[in-house]
Visitor: 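Next up is a structure, given as structure tokens.
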Amino acid sequence: MKEQFRVCADPENMPHSNQKQEGFENKIADLVAKELREPTRYIWWGQRRGFIRNTMNATLEEGRCDVVMGVPEGYDLVSPTKPYYRSTYVFVYPKDKGPQIKSLDDPVLKKIKIGVHLLGDDYTNPPPVHELSKRGVVGNLVGFSTFYSADNPPSAIIDAVASGKVGVAIVWGPAAGYFVKQQTAPLAMVPVPSGPGDLPFEFGISMGVKPGNVALKSQLEKVIDARRAEITKILNDYNVPLVQRKAGLKK
């Protein structure tokens, strides 16, 4: 039987992935599979608690996959490749009449509704939520679940900015850019800077393989190097805000 490039992915998590294979991670998986000369096969599972256990580490071999297309560099449940892009949390607000926020210390953040993603189960909440809480900004947060469905589409948090339900949203860049681009009303997307003592808001994103699969990790890193321009074009097509690693930061 021909080798397959077996990818674990969320069936409803645009713009990253969906069952129709419309996400940027689907497009990058196709690019990698083509380079490896293997057909892509998906193992679909909602990306939440137990995702790696139920996919890459599934009991039945038929349910196992070889790679997760997007994990934070250093994620210890997998063996991550070198990062293939780096992005940041962003403020999203109406371009013309918005509050023009540039940092988490802006006093206006205590006065307006702020849309944020709240993660379910016992996950930790995103870094900006921790930092807002540290600054006493809690009561005016409007939480959006990342458990997506027809009633709670991935675009909901950006739609809320466009409709005025919230004054600003603080969102992981890749999850923001795609939906910002789709809005008819122009929205600003501004990187959230980390102040002294803050958690980081920028992260490198890697492909993750099963620990010990050194051969596949090496193959993927070669593809990342060889196809970097095409990978970056796909990310740009999806309006992913890309940032460069600052000099002096550890990998």
Visitor: In this structure, would Val243 and Ile234 fall into the same cluster of hydrophobic residues linked by side-chain contacts under 4.5 Å?
Guide: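 Per the 4.5 Å side-chain linkage, Val243 and Ile234 are not co-clustered.
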Visitor: Please answer whether the main-chain N or O of Met69 pairs with a side-chain N or O of Tyr84 as donor and acceptor at a distance below 3.5 Å.
Guide: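 The answer is yes, because a donor-acceptor pair under 3.5 Å joins these two groups.
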Visitor: Please report the shortest heavy-atom distance between Asp96 and Pro186, naming the atom on each side.
Guide: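 In terms of heavy atoms, the two residues are closest at OD2-CG, 4.3 Å.
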Visitor: Taking 4.0 angstrom as the limit, do Lys134 and Glu131 come out as a salt bridge?
Guide: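 Looking at Glu131 together with Lys134, the answer is yes, because their closest N to O distance falls below 4.0 Å.
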Visitor: Apply side-chain hydrogen bond (donor to acceptor under 3.5 Å, both in side chains) to the pair Asp10 and Tyr148, showing each step before the final yes or no.
Guide: CA-CA 10 Å; Asp10 190 319; Tyr148 300 125; over 6 Å; no
Visitor: State, yes or no, whether a side-chain contact exists between Arg228 and Thr232 at a heavy-atom distance under 4.5 Å.
Guide: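 Yes; the side chains approach each other to less than 4.5 Å.
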Visitor: Are more than 12 heavy atoms, taken from residues, nucleotides or ligands other than Lys102, located less than 6.0 Å from that residue's NZ atom?
Guide: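 Correct, the count exceeds 12.
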Visitor: Side-chain contact test, heavy atoms from C-beta onward, threshold under 4.5 Å: evaluate it for Met189 versus Pro241 and give yes or no.
Guide: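 Side chain of Met189 against side chain of Pro241, heavy atoms only: contact under 4.5 Å found.
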Visitor: Quick test of your reading of the model: are Asp198 and Arg135 salt-bridged, counting only N-O distances below 4.0 Å?
Guide: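 A salt bridge is present here (some side-chain N lies under 4.0 Å from a carboxylate O).
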Visitor: Is Leu199 reachable from Val116 through a run of hydrophobic residues whose side-chain heavy atoms are each under 4.5 Å from the next?
Guide: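 Unlinked, Val116 and Leu199 end up in two clusters.
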Visitor: Can you name the closest pair of heavy atoms from Phe201 and Pro193 and give their distance?
Guide: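 In this case the closest contact between Phe201 and Pro193 is CE1-O, 3.5 Å.
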Visitor: Roughly how far, to the nearest 0.5 Å, is the CG atom of Asn140 from the CG atom of Leu109?
Guide: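 Here the rounded value is 8.0 Å.
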Visitor: Specify whether His16 and Phe24 have parallel, tilted or perpendicular ring planes, treating 30° as the upper limit for parallel and 60° as the lower limit for perpendicular.
Guide: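 Tilted.
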Visitor: So, are Lys233 and Asp237 salt-bridged, with charged N and O less than 4.0 Å apart?
Guide: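 Between Asp237 and Lys233 there is a salt bridge, with a charged N closer than 4.0 Å to a carboxylate O.
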Visitor: Going by side-chain hydrogen bond (donor to acceptor under 3.5 Å, both in side chains), name the pairs with one or both residues in residues 213-224, residues two or more places apart or in two chains.
Guide: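 The answer is Ser79-Lys217.
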Visitor: With a 4.0 Å cut-off on N to O distance, would you call Glu73 and Arg86 a salt bridge?
Guide: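 Yes, this pair counts.
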Visitor: Is the shortest heavy-atom distance from the side chain of Leu132 to the side chain of Leu141 under 4.5 Å?
Guide: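 With C-beta onward as the side chain, the pair touches.
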Visitor: How long is the span from the CZ atom in Phe5 to the CG atom in Asp30, to the nearest 0.5 Å?
Guide: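 So the gap between those two atoms works out to 9.5 Å.
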Visitor: Just how far is it from atom CG of Asn18 to atom CD of Glu25, taken to the nearest 0.5 Å?
Guide: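 Asn18 CG to Glu25 CD: 11.0 Å, rounded to 0.5 Å.
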Visitor: Locate the shortest heavy-atom distance separating Ser194 from Pro200; write the atom from each residue and the value.
Guide: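 That would be OG-CA, 3.6 Å.
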Visitor: Between Val138 and Val166, is there shared hydrophobic-cluster membership here, with clusters defined by ILVMFWY side-chain heavy atoms closer than 4.5 Å?
Guide: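 Unlinked, Val138 and Val166 end up in two clusters.
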Visitor: Can you check whether Gly164's main-chain N or O pairs, donor with acceptor, with Lys113's side chain at less than 3.5 Å?
Guide: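 Side chain of Lys113 to backbone of Gly164, a donor-acceptor pair under 3.5 Å: no, none is there.
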Visitor: So, Asp225 and Lys82, do they make that salt bridge, N to O below 4.0 Å?
Guide: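 Salt bridge between Asp225 and Lys82, a charged N being under 4.0 Å from a carboxylate O: yes.
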Visitor: Heavy atoms, side chains only, cut-off 4.5 Å: are Ile157 and His117 in contact?
Guide: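 Ile157 reaches His117 side chain to side chain.
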